[in-house]
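Letters A, B, ... are given to chains in the order of the sequence lines, protein chains preceding strands, and every chain is numbered from 1. Heavy atoms only: backbone and side chains are in, while hydrogens, waters and symmetry mates are out. Nothing here was measured: the structure is a model prediction, and the numbers come from that model.
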Amino acid sequence: GEDVEQSLFLSVREGDSSVINCTYTDSSSTYLYWYKQEPGAGLQLLTYIFSNMDMKQDQRLTVLLNKKDKHLSLRIADTQTGDSAIYFCAESRGTGGFKTIFGAGTRLFVKA
Amino acid sequence: DTAVSQTPKYLVTQMGNDKSIKCEQNLGHDTMYWYKQDSKKFLKIMFSYNNKELIINETVPNRFSPKSPDKAHLNLHINSLELGDSAVYFCASSQDASTEAFFGQGTRLTVV
């Protein structure tokens, strides 16, 4: 996690938008991912973006990538209580790409 | 059909014991991984296997040894367990090193 940083907590009201931010350090990253972990469960891939893209939208999810600033964000529109979970940002590194580095995770709390 | 399955789901054992955690994937993926998630939910890669060849060992103590009898299995063997080994261990697989990983449900190891 030293190379991929996220804020640890985010609290939003149901129906609002959530924005989870992530910064990374390796400019050679080829893929950037968002994973969701619900209590007692494994990680599930939510979405991913290629490093040559700026934005990707998938239903309620919007991923924005600022490659110059090495900043990745995940926006969840119309946040629901079922969205409460830990969200991990991850980058897949350079040559060979055998190493995927995860951030420490952002805990999203959705208040009804 | 479970894509990546780990057994056992929970493991409680005494210090000094030797234990194994099994992992199987039925996705036909070429690369498998073991991750350790600590109490703060920090996720760190331990091993990566590609075609039965160890690719990465992230300064993990040599008490931990991955064993891959075939492409679909990557088991984690731990010798002389210590209190600090208590964590959730996740197995994962991916088609290749740069695509998204699919995670198992995790094995919660508690060393007493």
Side-chain angles (χ1 to χ4, degrees), chain A residues 1-10 20 22 24 26 28-52 56 58 61 63 72 84-109, chain B residues 2-10 21 23-25 27 29-60 66 74 87-108:
Chain A
E2 295 87 355
D3 297 334
V4 178
E5 295 189 354
Q6 308 175 232
S7 53
L8 288 182
F9 300 99
L10 177 65
I20 303 172
C22 170
Y24 60 98
D26 192 334
S28 66
S29 295
T30 50
Y31 293 78
L32 295 130
Y33 307 94
W34 284 105
Y35 285 86
K36 177 183 180 183
Q37 184 181 29
E38 295 180 356
L43 282 74
Q44 293 180 301
L45 179 69
L46 278 181
T47 186
Y48 65 94
I49 190 168
F50 297 114
S51 58
N52 62 358
K56 181 178 180 181
D58 183 2
L61 305 178
V63 178
L72 183 73
S84 293
I86 303 175
Y87 291 81
F88 289 90
C89 169
E91 59 166 344
S92 181
R93 292 249 169 118
T95 304
F98 288 111
K99 184 186 291 188
T100 300
I101 305 297
F102 285 79
T106 298
R107 289 144 187 80
L108 175 64
F109 299 96
Chain B
T2 303
V4 182
S5 59
Q6 300 177 226
T7 54
K9 190 173 182 180
Y10 300 98
I21 306 172
C23 178
E24 177 182 4
Q25 55 97 2
L27 298 166
H29 285 169
D30 287 332
T31 307
M32 295 185 71
Y33 313 84
W34 276 104
Y35 287 85
K36 179 181 179 180
Q37 187 177 44
D38 63 23
S39 58
K40 296 181 180 178
K41 302 298 185 183
F42 180 74
L43 198 69
K44 192 163 188 177
I45 191 167
M46 299 176 70
F47 301 105
S48 171
Y49 250 75
N50 178 274
N51 290 328
K52 298 201 294 183
E53 181 182 354
L54 179 65
I55 301 298
I56 298 173
N57 183 332
E58 289 288 314
T59 64
V60 172
L74 183 65
V88 180
Y89 292 83
F90 285 101
C91 175
S93 72
S94 62
Q95 179 58 49
D96 57 51
S98 59
T99 55
E100 67 272 19
F102 292 80
F103 282 78
Q105 292 298 296
T107 296
R108 182 173 295 278

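Residue contact with chain A, scored on non-hydrogen atoms closer than 4.5 Å, involves the side chain of B/Gln37 exclusively. B/Ala101 touches chain A through backbone and side chain together, each having a heavy atom under 4.5 Å away. Only the side chain of A/Gln37 comes within contact range of chain B, judged by heavy atoms closer than 4.5 Å.
Legend: residues meeting side chain to side chain contact (heavy atoms under 4.5 Å, CB included) with A/Phe109, ordered by chain and number and at least two apart, are A/Phe9, A/Ser11, A/Arg107. For the salt bridge (Lys or Arg N to Asp or Glu O under 4.0 Å) test, residues two or more places apart in sequence or in another chain that qualify with A/Lys36 are A/Glu38.
Between B/Tyr35 and the options A/Phe102, A/Tyr35, A/Phe88, a ring pair (Phe, Tyr, Trp, His ring centres under 6.0 Å) holds for only A/Phe102.
Counting all heavy atoms, side chain and backbone alike, A/Leu43 lies closest to B/Phe103 at O-CB, 3.4 Å.
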